[in-house]
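Quick notes on the structure that follows.
The figures here come from the full heavy-atom set of this structure, side chains too, leaving out hydrogens, waters and symmetry mates.
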Protein chains: 2
Amino acid sequence: MRASDKAYAALRDDIIEWRLLPGTVLAEVEQSERLGVSRTPLREALSRLTAEGLTRTAGGRGVVVTDISLEDIDELFELRETLEGKAAALAAERGDAATFEQLRNELLQAPQLISGADPARHDYYGLVGRLDAAIDAAISNSYLVQAMRSLRVHLVRVRRLAADDAERLTSAAAEHAAIAEAIAAGNPRLAEAATTLHLHRSLSHVKATHIPH
Amino acid sequence: MRASDKAYAALRDDIIEWRLLPGTVLAEVEQSERLGVSRTPLREALSRLTAEGLTRTAGGRGVVVTDISLEDIDELFELRETLEGKAAALAAERGDAATFEQLRNELLQAPQLISGADPARHDYYGLVGRLDAAIDAAISNSYLVQAMRSLRVHLVRVRRLAADDAERLTSAAAEHAAIAEAIAAGNPRLAEAATTLHLHRSLSHVKATHIPH
DNA sequence: GGCCGCGGGCTTGTATACAGAAGGCCTTGT
DNA sequence: ACAAGGCCTTCTGTATACAAGCCCGCGGCC
C-alpha cells in the first residue's frame, strides 16, 4: 500500500470517528511525523481530504478539520434524498429481482443480528452495505454512484453523532427491507417513496439523539 | 497563482477543449517540462484531474485522459436531470422572485445576442452562467452545489462535441427563460418540469450533432 | 493610548535527488 | 519458429532540501 493511501486512510478515519475534532489544525510536519510518512504523500492525502470536504485550507496555517453544523446535516440529507431516491427508482427499473428478493429476506431476519452482541451487529452493517452495493451495481451509472459515494463519507461521520440503539436499528432494517422489496417488485415510484421514508426517519433520529462534540 | 493551480488549469482546459484527446498518456516529466513546472505541483494537478474523472491512472504508466462514450453522455444527463431538477425546484421555493424575473427578461432578449457575432455570443453564455449562479445561490445547499459543479466540468467537455448553431441556442434561450419564469413564479414542480424539458432537448441535440473525435 | 509598520519564526509551496516497481525487449532454450 | 525468462530502461512513489509567503508580536510614531 502506498504511503499516501495509508496517510489518507488514517486521517480520514480519525476525522470520521471524531478522534480529530472540527477546528483541529493539521500541520504537515506534525502529521507526517505522527503517521510515519514524509510530507509529500501527506500533502496528497490532505488534498484528497480537502477535495472531499472533510478538511479545508486555512490560508497559510495548514488545513483544519471542517465542522458539521445542523444546517449541514439538513443539506446533506436533502441531497441524499435526491440521489438515493433516484438510485432506488433506477434499481427498480434495471435491477435483478432475485438479488433484491434475497436481500429483503435477509433484512427481515436482521433483528436477530441487531439484538445480539457486537460481532452480530457488525454483520448487520455488512448486510446494509451489501444492499447499497447491489443498488450501485443495478443502476449502472458511474456518475451517480460516484456522487453517492462522496456523500457516504460525510454520512458515516454524521452517523457517529447519533446513538445507534437497537430500537432504531430494528426499524431501519424494516425500512431497508421495504426498499429492497419495492426494487425486487420493479416498482420505481414505490422504491423512491420507501427510500424517502427511510431517509426522513434516519434524519429525525439523528437530530433527536444528536450528541454534541 | 500557485504552480499547481496553473498546471491544473492548463491541463484541464487542454482536456476539455479536446486538445488532449482521450487515451493520451500524461507522463509526469513530459508534462512538467511542457508546462514549465516541477513534478511535485504537476502531480497535485494530476491528482485533482483524476479525482474529477477527467483522467484515470493507468497502473504504473502515468495517467491517461479518460474517454467519453455515448453511454457516458446518457449517464451524465441522467444525473444532471436529477440534480438540476431538484435545484430548480428548490430555487423556486427559496429564491428571490425579482432576481429570476430579471434573468427571464434578459433571456427573452437573448436571440439578439445569439444572432450577432462572437463577442455577443460570449455575452449569451455569460447570461446562462448568471442563471446557473443565481440558482446555486438560491438553493443554499453547498453539497448540492458542489455535486452540480463537479458535473459541469464534464458537461462543458461534452458540449464541445456538439455544434452550437444559432437555431439551437435560440431554443435553449427560450427554455432557460421558461425555467427562470417558473422559479420567479415560485412553482417548484413547474421549474423541475421546465428543467427536464430543457435537458432532454439538450441531450437530443448533442446526440444528433455529435462530432466524432 | 492606539495604530501603523517592520521583522522573526513558522508555515506552506516548489524543486530535485533517490529508490522501488513495472513493462518491454532481447536472448536463449526447446 | 515460438515461447519463456531475465535484464534493462523508464516510469512513478518517496524523501529531503530550498525558497517564498504569511501571521504574530514588538516597537516606534502619531
Side-chain angles (χ1 to χ4, degrees), chain A residues 1-16 19-67 142 146 149-150 153, chain B residues 1-16 19-67 142 146 149-150 153:
Chain A
M1 179 188 258
R2 297 188 305 177
S4 60
D5 291 339
K6 173 186 161 194
Y8 166 76
L11 286 172
R12 178 175 160 278
D13 282 359
D14 283 342
I15 294 173
I16 288 177
R19 289 189 291 266
L20 288 173
L21 297 182
T24 307
V25 296
L26 303 178
E28 293 180 0
V29 288
E30 170 195 2
Q31 294 301 316
S32 67
E33 288 174 0
R34 182 173 78 91
L35 300 174
V37 299
S38 180
R39 274 186 62 210
T40 306
L42 186 102
R43 278 177 65 87
E44 187 183 324
L46 290 178
S47 293
R48 285 213 261 166
L49 292 170
T50 302
E52 284 182 285
L54 290 178
T55 57
R56 61 182 170 79
T57 61
R61 201 124 98 250
V63 305
V64 302
V65 179
T66 55
D67 197 2
S142 59
Q146 175 144 353
R149 221 182 287 273
S150 70
V153 180
Chain B
M1 179 188 257
R2 297 187 306 176
S4 60
D5 291 339
K6 174 185 161 192
Y8 167 76
L11 286 172
R12 176 174 161 278
D13 282 359
D14 283 343
I15 294 172
I16 288 177
R19 289 188 293 265
L20 287 174
L21 297 181
T24 307
V25 295
L26 302 178
E28 293 180 0
V29 288
E30 170 196 2
Q31 294 300 317
S32 67
E33 288 174 0
R34 182 174 78 91
L35 299 174
V37 299
S38 181
R39 275 186 60 212
T40 306
L42 186 101
R43 278 177 66 87
E44 187 183 324
L46 290 179
S47 293
R48 285 213 261 167
L49 292 170
T50 302
E52 284 182 283
L54 290 178
T55 56
R56 60 182 171 80
T57 60
R61 188 104 125 255
V63 306
V64 301
V65 180
T66 55
D67 197 3
S142 58
Q146 175 146 350
R149 220 181 288 272
S150 70
V153 181

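The outermost nucleotides of DNA chain D lying under 4.0 Å from heavy atoms of chain A, listed 5' to 3', are D/dG13 to D/dC24.
Looking at residues 1-8 of chain A, you'll see A/Arg2, A/Ala3, A/Ser4 sit with a heavy atom under 4.0 Å from some atom of DNA chain D.
At its two ends the helix from C/dG1-D/dC30 to C/dT30-D/dA1 runs along axes set 10° apart, each axis drawn from five pairs and the angle rounded to 10°.
Contact check for A/Leu49 versus A/Glu44: no side-chain heavy atoms found under the 4.5 Å cut-off. Looking at A/Gln31 and A/Val25, their side chains never come closer than 4.5 Å, going by heavy atoms from C-beta outward.
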Query raised in the report: Stepwise, does the side chain to side chain contact (heavy atoms under 4.5 Å, CB included) test hold for B/Val63 with B/Arg43?
Result: CA-CA 10 Å; B/Val63 306; B/Arg43 278 177 66 87; over 6 Å; no

Query raised in the report: Can you list the steps and then say if A/Val64 with A/Leu26 is a side chain to side chain contact (heavy atoms under 4.5 Å, CB included)?
Result: CA-CA 6 Å; A/Val64 302; A/Leu26 303 178; over 6 Å; no

Query raised in the report: Going through the checks in order, is the side chain to side chain contact (heavy atoms under 4.5 Å, CB included) test met by B/Leu46 and B/Leu11?
Result: CA-CA 8 Å; B/Leu46 290 179; B/Leu11 286 172; 3.9 Å; yes

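Looking at every heavy atom in both residues, B/Ala45 comes nearest to B/Ser4 through CB-O, 3.9 Å.
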Contacts under 3.5 Å, N or O only, protein and nucleotides 17-19 of chain C:
none

Report each atom pair, protein N/O against N/O of nucleotides 5-11 of chain C, whose distance is under 3.5 angstrom.
none

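With sequence neighbours excluded, no residue satisfies side chain to side chain donor-acceptor pair (under 3.5 Å) with A/Glu30. Taking the side chain to side chain donor-acceptor pair (under 3.5 Å) definition, one finds that A/Thr24 meets it with nothing, sequence neighbours left out. Shown here are the side chain to side chain donor-acceptor pair (under 3.5 Å) partners of B/Glu33, two or more places apart in sequence or in another chain: there are none. The side chain to side chain contact (heavy atoms under 4.5 Å, CB included) search around B/Asp5 returns B/Met1, B/Arg2, B/Arg48, not counting sequence neighbours.
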All N/O donor-acceptor pairs, side-chain side in residues 53-61 of chain A, below 3.5 Å, sequence neighbours left out:
unit_1, atom_1, unit_2, atom_2, d
A/Thr55, OG1, A/Thr50, N, 3.2
A/Thr55, OG1, A/Thr50, OG1, 2.9

Donor-acceptor contacts, no H, no angles, side chain residues 35-42 of chain A, under 3.5 Å, sequence neighbours left out:
unit_1, atom_1, unit_2, atom_2, d
A/Arg39, NE, A/Glu28, OE1, 2.9
A/Arg39, NH2, A/Glu28, OE1, 2.7

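Put simply, CG on B/Leu42 is 16 Å from P on C/dG13, counting in whole angstrom units.
A donor and an acceptor atom, one from each side chain of A/Gln146 and A/Arg149, are nowhere located under 3.5 Å apart.
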